[in-house]
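Model, not experiment: these values are computed from the prediction.
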Amino acid sequence: MKNSIFVLLLMCTFLMNAQEAQVWNTYQAKQEKGVSSTNLRMDLIDKAPINGYDFLFYVKIKYRVTQESDFPIGNKLKKLYRIKDAIYDKMQSVSDSKYVGSFMYDGSRFEYYYVKDASDIERHIDKLFREQFRGEKYEVFVKDDSSWDLYRNFLYPNDEIKNFMSNRDTVIQLKNAGDDVTTPRKIEHYATFTSQNDMNLFAREIEKLSFTIEHQKNVNSTSFPYEIKFSRNNSTTLENVMKFTTEIIKLTKQFNGKYDGWETYVVKKNN
């Protein structure tokens with residue numbers, strides 16, 4: 001008999017201080033010279049640009065790429081994390097800043113901050129490296145970026161990567177809960193639309209893909225007030241999840257809609 005428990009699809013939220021909940025996530029992407037890794041604060045996208053934080057301040061730290069890995073490993077990786085933490089502590093003490101993320105690629109790691117006043121910060125960072133990380137190769141940069149272009153258009157993932165990140169994190173949660181991801185089970189999906197007509201047209205097309213309509217209703221949202229819930233039996237391997245979510249996203253966009261995600265329950269193997 002299958003043991004089933006309900007799983008909610010939630011992005012990990014970390015409470016960094018009493019005033020502000022911060023949502024962080026990581027993704028990798030193929031680049032011309034290998035693979036890059038981006039770690040960023042996701043929750044700022046609805047606030048960016050933040051008034052007054054007009055200057056982008058960032059530190060570039062060099063590391064050696066090997067044949068075994070595009071990224072530093074072992075003690076070098078641990079040291080990069082110590083440098084990251086030390087820069088963060090220093091930035092908190094000498095500036096009014098927002099740490100938005102890091103980017104690691106082709107032998108360099110970048111730590112990005114938006115600051116209100118960039119003057120004199122470089123002197124403090126130079127002193128930090130001189131006293132604590134002598135011998136490390138680094139550079140400091142300041143750029144006027146009042147529109148937060150780097151955060152919104154470089155660090156922040158596009159829709160395709162966001163879909164992968166969400167699916168990856170959810171499949172990990174399922175596996176951690178003991179899910180047999182190869183077993184098909186009912187998976188429920190949600191999408192919202194700007195008009196009832198668009199929702200109805202979408203419903204006709206989604207039924208052609210063997211989905212069952214669970215409900216269609218007005219949810220009183222100002223932007224996308226019409227919600228449809230639909231379901232189909234599928235396995236939850238990452239490959240399969242990427243396949244059906246990509247298909248659904250493409251179809252919702254065709255009818256001016258927005259895919260709001262999926263949910264299911266854990267199915268455990270019989271011992």
Answer with yes or no whether the hydrophobic clustering places Leu155 together with Ile161; edges join I, L, V, M, F, W, Y residues whose side-chain heavy atoms lie under 4.5 Å apart. yes

Tell me whether the rings of Tyr112 and Phe154 are parallel (<30°), tilted (30 to 60°) or perpendicular (>60°). perpendicular

So Thr192 and Met199, do their side chains get closer than 4.5 Å, heavy atoms only? no

Which distance, rounded to the nearest 0.5 Å, do you find between the OG1 of Thr183 and the CG of Asp179? 7.5 Å

Is the closest side-chain heavy-atom distance between Ile121 and Met91 below 4.5 Å? yes

Counting only heavy atoms not in Asn51, do more than 12 fall under 6.0 Å of its CG? no

Strictly under 6.0 Å, is that where the ring centroids of Phe193 and Tyr226 end up? no

Using the rule given for side-chain contact (heavy atoms from CB on, under 4.5 Å), can you reason through Leu80 versus Tyr63, listing the C-alpha separation, both sets of side-chain angles and the distance that settles it, and then say yes or no? CA-CA 9 Å; Leu80 277 177; Tyr63 62 85; 4.0 Å; yes

Distance in Å, Lys84 NZ paired with Asp89 CG, rounded so as to fall on 0.5 Å steps: 9.5 Å

Check the hydrophobic clustering (I, L, V, M, F, W, Y; side-chain heavy atoms under 4.5 Å; chains of links allowed) and say if Leu77 and Phe71 are grouped together. no

Which atom pair, heavy atoms only, marks the closest approach of Thr245 to Asn163? OG1-ND2, 3.1 Å

Before you tell me yes or no, could you show the steps for Ile87 and Ile83 under side-chain contact (heavy atoms from CB on, under 4.5 Å), namely the whole-Å CA-CA distance, both residues' side-chain angles and the distance that decides it to 0.1 Å? CA-CA 6 Å; Ile87 292 174; Ile83 294 173; 3.8 Å; yes

Taking the six-membered ring of Tyr53, is the NZ or CZ of Lys98 close enough (under 6.0 Å from the centre) and on axis enough (within 45°)? yes

Can Asp198 and Ser195 be said to form a side chain to side chain donor-acceptor pair (under 3.5 Å), step by step? CA-CA 5 Å; Asp198 283 337; Ser195 74; 3.2 Å; yes

Derivation and outcome, salt bridge (charged side-chain N to carboxylate O under 4.0 Å, His left out), residues Glu227 and Lys258: CA-CA 10 Å; Glu227 179 188 88; Lys258 179 168 63 78; over 6 Å; no

Between Arg64, Lys62, Lys76, which is the residue that forms a salt bridge (charged side-chain N to carboxylate O under 4.0 Å, His left out) with Glu136? Lys76

Is Ile187 linked to Ile249 within one hydrophobic cluster, defined over Ile, Leu, Val, Met, Phe, Trp and Tyr using a side-chain heavy-atom separation of less than 4.5 Å? yes

Side-chain touch Lys229/Ile213, heavy atoms, less than 4.5 angstrom: no

Nearest 0.5 Å please: distance from the OG atom of Ser37 over to the CZ atom of Arg109. 7.5 Å

Qualifying residues under salt bridge (Lys or Arg N to Asp or Glu O under 4.0 Å), relative to Asp106, sequence neighbours excluded: Lys33

Counting C-beta onward and ignoring hydrogens, is there a side-chain heavy-atom pair between Lys79 and Phe133 closer than 4.5 Å? yes

Connected via hydrophobic side-chain network under 4.5 Å: Phe110 and Met42: yes

Output the distance between atom CG (Leu56) and atom OG (Ser97), rounded to the nearest 0.5 Å. 11.5 Å

Carboxylate-amine/guanidinium proximity below 4.0 Å for Asp126 and Arg123: no

Could you give all pairs that pass the salt bridge (charged side-chain N to carboxylate O under 4.0 Å, His left out) test and reach residues 233-256, with sequence neighbours left out? Asp159-Lys253

Evaluate side-chain contact (heavy atoms from CB on, under 4.5 Å) for Asp54 paired with Asp145, printing each intermediate quantity in order. CA-CA 6 Å; Asp54 295 337; Asp145 187 14; over 6 Å; no

Grab the two heavy atoms, one from Lys186 and one from Thr264, that are nearest each other, plus how far apart they are. O-OG1, 2.9 Å

Interatomic distance, Lys90 atom NZ to Tyr113 atom OH [nearest 0.5 angstrom]: 12.0 Å

Hey, mind stepping through Asp180 and Thr182 against side chain to side chain donor-acceptor pair (under 3.5 Å) and telling me if it holds? CA-CA 6 Å; Asp180 176 17; Thr182 62; 2.8 Å; yes

Determine whether the side chains of Glu263 and Tyr190 contain a donor N or O and an acceptor N or O closer than 3.5 Å. yes

Are Glu207 and Phe230 side-chain neighbours, meaning at least one heavy-atom pair lies under 4.5 Å? no

Scan side-chain atoms only and decide if Tyr99 and Gln92 contain a donor-acceptor pair under the 3.5 Å cut-off. no

Answer yes or no: is there a side-chain heavy-atom contact under 4.5 Å between Asn220 and Asn218? yes

With the side chain counted from C-beta on, respond yes when Ile206 and Leu251 share a heavy-atom pair under 4.5 Å apart, and no when they do not. yes

Specify the closest pair of heavy atoms between Arg168 and Tyr27, including all atoms of both residues, with the distance to one decimal. NH1-CA, 4.1 Å

To the nearest 0.5 Å, what is the distance between CD1 on Ile125 and OG on Ser95? 8.0 Å

List the atom of Ser223, the atom of Thr194, and the distance in Å for their closest heavy-atom pair. O-CG2, 3.5 Å

By side chain to side chain donor-acceptor pair (under 3.5 Å), Gln216 pairs with (sequence neighbours left out) Asn200

Consider only side-chain heavy atoms of I, L, V, M, F, W and Y, link residues closer than 4.5 Å, and tell whether Val23 and Leu44 are in one cluster. yes

Return yes if a side-chain donor-acceptor contact under 3.5 Å exists between Asn39 and Asn25, otherwise no. no

For Glu214 and Ser231 the tightest heavy-atom approach is OE2-OG, 2.6 Å

Within a reach of under 6.0 Å around OH of Tyr81, are more than 12 heavy atoms found that belong to other residues, nucleotides or ligands? no

If every non-hydrogen atom of Phe103 is compared with every non-hydrogen atom of Ser36, which pair is closest and at what distance? CE1-CB, 3.5 Å

Would you say the rings of Tyr138 and Phe129 are close, in the sense that their centroids are separated by under 6.0 Å? yes

Hey, does the side chain of Tyr114 reach the backbone of Val100 with a donor-acceptor pair shorter than 3.5 angstrom? no

Heavy-atom side-chain contact between Pro72 and Met104 under 4.5 Å: yes

Would you please test Phe202 and Phe211 for ring-ring contact (aromatic ring centres under 6.0 Å, His included) and show each step? CA-CA 11 Å; Phe202 172 84; Phe211 285 94; 8.6 Å; no

Using the ring of each side chain (for Trp, its six-membered ring), is Phe244 parallel, tilted or perpendicular to His189, with breaks at 30° and 60°? perpendicular

Would you say Ser147 and Asp149 are linked by a side-chain donor-acceptor pair, where the criterion is simply a distance under 3.5 Å? no

Kindly indicate, with the supporting measurements, whether the criterion side-chain contact (heavy atoms from CB on, under 4.5 Å) is fulfilled by Val59 and Ile61. CA-CA 6 Å; Val59 183; Ile61 309 114; 4.1 Å; yes

